[in-house]
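Written below as structure tokens is the structure these notes are about.
What you are looking at is a predicted structure, and each value in this text was computed from that prediction instead of being measured.
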Amino acid sequence: MALCLIPVVVSFSFVILLPLLPNYLVVASGMSSRAAGAAMLLMTAPILVAPLLAGLLIRRGLPSRAVFTLSLALLAGGGAWLAAVLRPDMGPAALAGPLITLGVGLGLNFGLVDGAVLTVVDPRATGTAAGFLNTLRLGSEAVVIAAAGSALVDLTEHRLSRAAPPVRAEDPGAVADSVNSGDLDGALAGLPADGRADLLDVIAHGFTGAWQTVLWASTAVCALLSAAIYLLLADRGPAAEPAGRPGTQSTV
């Protein structure tokens, strides 16, 4: 069960950002869609390298449990780091640290979880174990992304509705919907040119506050789940090493 919870941590820390963060970068940081997509490579590119690092660590004798612990710490730490530094007009340089940390965190357990799960169940139950793991992975991704998207809209609307009357949007709910879909032009439609700059500043700071709330909440969930996984893995005692190292024993 402990190993099956790791993909849930990934959903709360990494997957939650993939469809939603580019919209923030377009609206609050003023990036183009192409630039926002390129910035996301800071988070996804390390996945190509980190599994090799995980394999090297295991070949050097590091227990799988230690690799999982490092991975979970990076995922939770990367989310907290992003929440702490997130601000309007931030560029790729400010994003690099937390996004790379998250990418390495996912890469360290990428594939390792599946191999570990299949080595600790009866060979006749490997199909069931793989199906259960993928159900948790895909199900948690769908639920977390939907919940985060809804929370961002509600929190953004709440902050916009509290703005002072001169810069308050006429329909905070519609503006919140637009900015969370990356449609800044729709949010500013119908406003005179001299009023757009002030409203844009309110939108950027309100959107940032909503994102920080969601990031801190998801980081708290990741920290709690990671602590539970660590304790559950500690209670397992010695177990088989993931596939690829037959005949050896370690702590999974």
Report yes or no: do [X] and [Y] belong to one cluster of Ile/Leu/Val/Met/Phe/Trp/Tyr joined by side chain heavy-atom distances under 4.5 Å?
X      : Y      : result
Val221 : Leu224 : no
Val153 : Val27  : no
Leu41  : Ile16  : no
Val143 : Val214 : no
Leu70  : Leu3   : yes

Would you compute the distance between atom [atom1] of [X] and atom [atom2] of [Y] and round it to the nearest 0.5 angstrom?
X      : Y      : atom1 : atom2 : value
Ile145 : Phe12  : CD1   : CZ    : 11.0 Å
Leu108 : Ile6   : CG    : CD1   : 11.0 Å
His205 : Leu200 : NE2   : CG    : 10.0 Å
Asn23  : Ser181 : CG    : OG    : 6.5 Å
Leu225 : Leu232 : CG    : CG    : 10.5 Å
Tyr24  : Thr156 : OH    : OG1   : 10.5 Å

Applying side-chain contact (heavy atoms from CB on, under 4.5 Å) between Val10 and each of Val113, Val144, Val15, Leu5, report the one that passes. Val15
Sole residue of Leu74, Val8, Leu75 in side-chain contact (heavy atoms from CB on, under 4.5 Å) with Ser13: Leu75
Looking only at heavy atoms, which two atoms of [X] and [Y] are closest? And how far apart?
X     : Y      : result
Gly97 : Thr101 : O-OG1, 2.8 Å
Ile47 : Phe14  : CD1-CZ, 3.5 Å
Leu17 : Pro22  : O-CD, 3.6 Å
Met31 : Pro92  : CE-CD, 3.8 Å
Pro7  : Leu133 : CG-CD1, 3.6 Å
Met40 : Leu21  : SD-CD2, 3.9 Å

If you apply the rule side chain to side chain contact (heavy atoms under 4.5 Å, CB included), what do you find for Ile203 with Val175, and how did you get there? CA-CA 8 Å; Ile203 289 173; Val175 173; 3.8 Å; yes
So Trp211 and Leu152, do their side chains get closer than 4.5 Å, heavy atoms only? yes
Does a side-chain heavy-atom distance below 4.5 Å link Leu233 with Thr69? no
Where the side chain of [X] meets the backbone of [Y], is there a donor-acceptor pair that is under 3.5 Å apart?
X      : Y      : value
Thr208 : Ala204 : yes
Gln212 : Leu86  : yes
Ser29  : Val26  : no
Asn180 : Ala176 : yes
Ser150 : Ala146 : no
His158 : Asp154 : no

Carefully, step by step, assess Ser71 and Leu106 under the rule side chain to side chain contact (heavy atoms under 4.5 Å, CB included). CA-CA 6 Å; Ser71 170; Leu106 173 59; over 6 Å; no
Check: Thr213/Arg159 side-chain N/O donor and acceptor closer than 3.5 Å: yes
Chi angles and distances behind the side chain to side chain contact (heavy atoms under 4.5 Å, CB included) call for Leu18, Thr44: CA-CA 9 Å; Leu18 289 176; Thr44 55; 3.9 Å; yes
What's the verdict on side chain to side chain contact (heavy atoms under 4.5 Å, CB included) for Met90 and Val85, showing C-alpha distance, side-chain angles and the deciding distance? CA-CA 9 Å; Met90 70 186 307; Val85 302; 4.1 Å; yes
If you draw the axis of the six-membered ring of Tyr230, does the NZ or CZ of Arg65 fall within 45° of it and under 6.0 Å from the ring centre? yes
